[in-house]
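Data first, discussion second: the structure below is written as structure tokens.
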Number of protein chains: 2
Amino acid sequence: MASLDQVIQAGGRRFRTATEFVEATLKQAILSGALLPGTPLRQEELATRFEMSRMPIREALRQLEAQGLVDFEPHRGAIVVEITLADSDDNFAIRSALEPQALRLSLPHLGPDDFALAEDLIAEIDSENDPARMGELNRRFHMTLYAGAGLPRLLALTEQHLVAADRYLRFHLATDGDMGQAEHRALVAACRARDENEAVAVLNRHLARARAGLSAFFAARAAS
Amino acid sequence: MASLDQVIQAGGRRFRTATEFVEATLKQAILSGALLPGTPLRQEELATRFEMSRMPIREALRQLEAQGLVDFEPHRGAIVVEITLADSDDNFAIRSALEPQALRLSLPHLGPDDFALAEDLIAEIDSENDPARMGELNRRFHMTLYAGAGLPRLLALTEQHLVAADRYLRFHLATDGDMGQAEHRALVAACRARDENEAVAVLNRHLARARAGLSAFFAARAAS
DNA sequence: AATTGTTAGATTGGATCCAATCGACAGGCA
DNA sequence: TGCCTGTCGATTGGATCCAATCTAACAATT
């Protein structure tokens with residue numbers, strides 16, 4: 001896994017503990033697809049690769065387990081969680097519950113600056129080709145519209161599941177290429193007009209369309 | 001904290017690892033109120049109390065942090081998360097997004113046995129006085145109606161936030177005494193009639209009422 | 001008197017070591 | 001042949017030890 005080494009080197013952030021560093025690095029590696037689903041995460045191997053002992057690795061793996069990114073079986077170790085249609089549906093069910101709620105609570109507190117920022121992000125997505133970057137921009141776009149909700153746990157939970165969706169997005173982009181930019185624009189327009197119901201309707205369509213696209217992808221993969 | 005020792009002794013479940021045991025025990029202690037908000041969780045103290053080394057304690061605390069039950073600050077340790085009105089609102093915003101979604105997805109797959117079980121649980125709540133037991137029964141009642149959704153992550157997330165709400169429920173019961181049994185019955189009735197919209201409406205009222213009750217409790221506490 | 005530097009104790013983060021468990025494979029037995 | 005069993009290597013779970021960091025109290029300086 002040469003690509004993991006690159007991820008370890010990258011990332012300008014500073015970390016207060018080794019555990020934080022390992023957690024953030026592994027998280028990015030899993031979400032970016034550098035670590036494929038089903039990959040076993042051997043503690044000893046990661047320890048030598050990160051140049052530290054097994055303990056920070058173990059604590060990081062525990063936290064990733066709680067975030068649903070790795071499966072942990074006692075005495076058998078951790079593996080990157082598989083990607084399945086059932087999992088994708090599960091993720092969409094959660095997002096289509098949380099995101100409309102976040103949007104409704106946020107909309108009254110959003111101002112022109114927020115909408116302008118959202119539109120800048122849409123433009124950035126247009127001029128981007130790297131799937132990982134596109135995923136991050138998409139996430140920031142959505143979170144910009146939800147930020148007004150001001151409820152930290154709701155927002156953290158929403159972002160966590162948006163992040164998890166990045167793993168699927170890669171496959172979606174492989175078949176489709178577009179990630180619903182028209183809907184992104186319609187969403188901002190509805191928000192500007194303070195039309196809450198329309199905004200939520202657009203968001204739901206956006207999610208349903210992405211879900212359908214992934215469903216088709218999994219069907220095609222199963223058939224091959 | 002004499003009550004913690006009782007919790008440690010209790011619980012008939014078998015655990016495969018020490019970490020699992022510590023996590024489950026501390027979780028129950030926090031949710032039951034045996035460990036009050038703000039209580040520092042010293043690793044060394046817990047280690048001697050559980051009669052094991054600090055390592056399983058640390059891993060358990062990491063997982064509790066990821067579940068939002070403790071705050072972990074580097075080099076400063078863990079404390080039980082505070083209970084605030086903002087936190088309660090946050091929790092309700094999440095539940096009122098997830099639970100209607102779970103109910104909608106579940107309802108088509110529920111049968112008479114499920115409704116009968118739900119009604120048994122309502123009856124059990126009627127004849128129960130212990131707040132901790134009532135919280136558990138309430139949780140099982142709600143989860144019974146959501147179980148048909150069949151999406152493991154959505155259900156786990158829903159249950160996690162129902163569990164978290166137990167911490168608030170204790171205060172609610174202290175002021176109110178009732179936990180919306182009338183709404184529980186109306187909810188099952190609507191489910192039996194396969195009236196999805198009515199069921200969701202009842203559920204939303206149920207959540208809104210509980211939220212209002214807690215809001216009043218916090219207002220009273222702030223005034224005193 | 002207020003602020004800053006310093007030092008000691010407490011507490012956590014991380015490394016190393018040992019014990020327990022799992023999986024695979026070889027050999028015995030019906 | 002097919003199944004059970006026991007041994008061995010790999011890997012994880014847990015214990016113990018040391019290093020790094022924080023808190024608080026006190027001393028020194030302005």
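Below, chain A is the first sequence line, B the second, and so on; all start at residue 1. The analysis underlying the following values was restricted to heavy atoms, covering all of them including side chains, and did not include hydrogens, waters or symmetry mates.
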Does C:dG13 have OP1 or OP2 under 4.0 Å away from a side-chain N or O of B:Q43?
yes
Length of the line joining B:I57:CD1 and C:dT11:C1', which is rounded to integer Å
15 Å
Euclidean distance, atom CD1 of residue B:I79 to atom C1' of C:dT11 [Å, nearest integer]:
15 Å
Between C:dT12, D:dG13, C:dA15, which nucleotide has the shortest distance from any of its atoms to the side chain of A:R62?
D:dG13
Electrostatic pair B:R133-B:E136, nearest N-O below 4.0 angstrom
yes
Donor-acceptor under 3.5 Å (B:S88 side chain, B:T84 main chain)
no
Spacing of A:L46 atom CG relative to D:dA10 atom P, expressed in whole Å
18 Å
Earlier contact from the 5' end, DNA chain C, for A:R76 and A:A18
A:A18
Salt bridge or not between A:R62 and B:E65? Use side-chain N to carboxylate O under 4.0 Å.
no
With a 4.0 Å cut-off on heavy atoms, is B:R42 in touch with a base, just the backbone sugar-phosphate, or nothing at all?
sugar-phosphate
D:dG14 base to A:R58 side chain: any donor-acceptor pair below 3.5 Å?
yes
Can you measure B:E73 atom CD to C:dT11 atom C1' for me and round it to whole angstrom units?
14 Å
Tell me: CZ of A:R16 to P of D:dA19, nearest whole Å?
24 Å
Return the 5'-most residue of the pair A:T17, A:P74 with respect to DNA chain C, ranking by each residue's nearest nucleotide.
A:T17
Need to verify one output field. Residue with the more 5' nearest nucleotide on DNA chain D, A:A78 or A:M55?
A:A78
Strictly below 4.0 Å, N to O, side chains only: are A:R104 and A:E99 in salt-bridge contact?
no
In whole angstroms, how far is the P atom of D:dG13 from the CG atom of A:L61?
9 Å
Donor-acceptor check, side chain of A:N91 to backbone of A:A164, threshold 3.5 angstrom: yes or no?
no
Between atom CZ in A:F15 and atom C1' in C:dG13, what is the gap in whole Å?
17 Å
Of the options C:dG14, C:dC22, D:dA15, whose atoms approach the side-chain atoms of A:H75 most closely?
C:dC22
Nearest-Å distance, CD (A:E44) to P (D:dG13)?
13 Å
When you measure from the side chain of A:R54, which nucleotide among C:dG13, C:dC17, D:dC22 comes out closest?
C:dC17
OP1 or OP2 of C:dG14 under 4.0 Å from side-chain N/O of A:T19:
yes
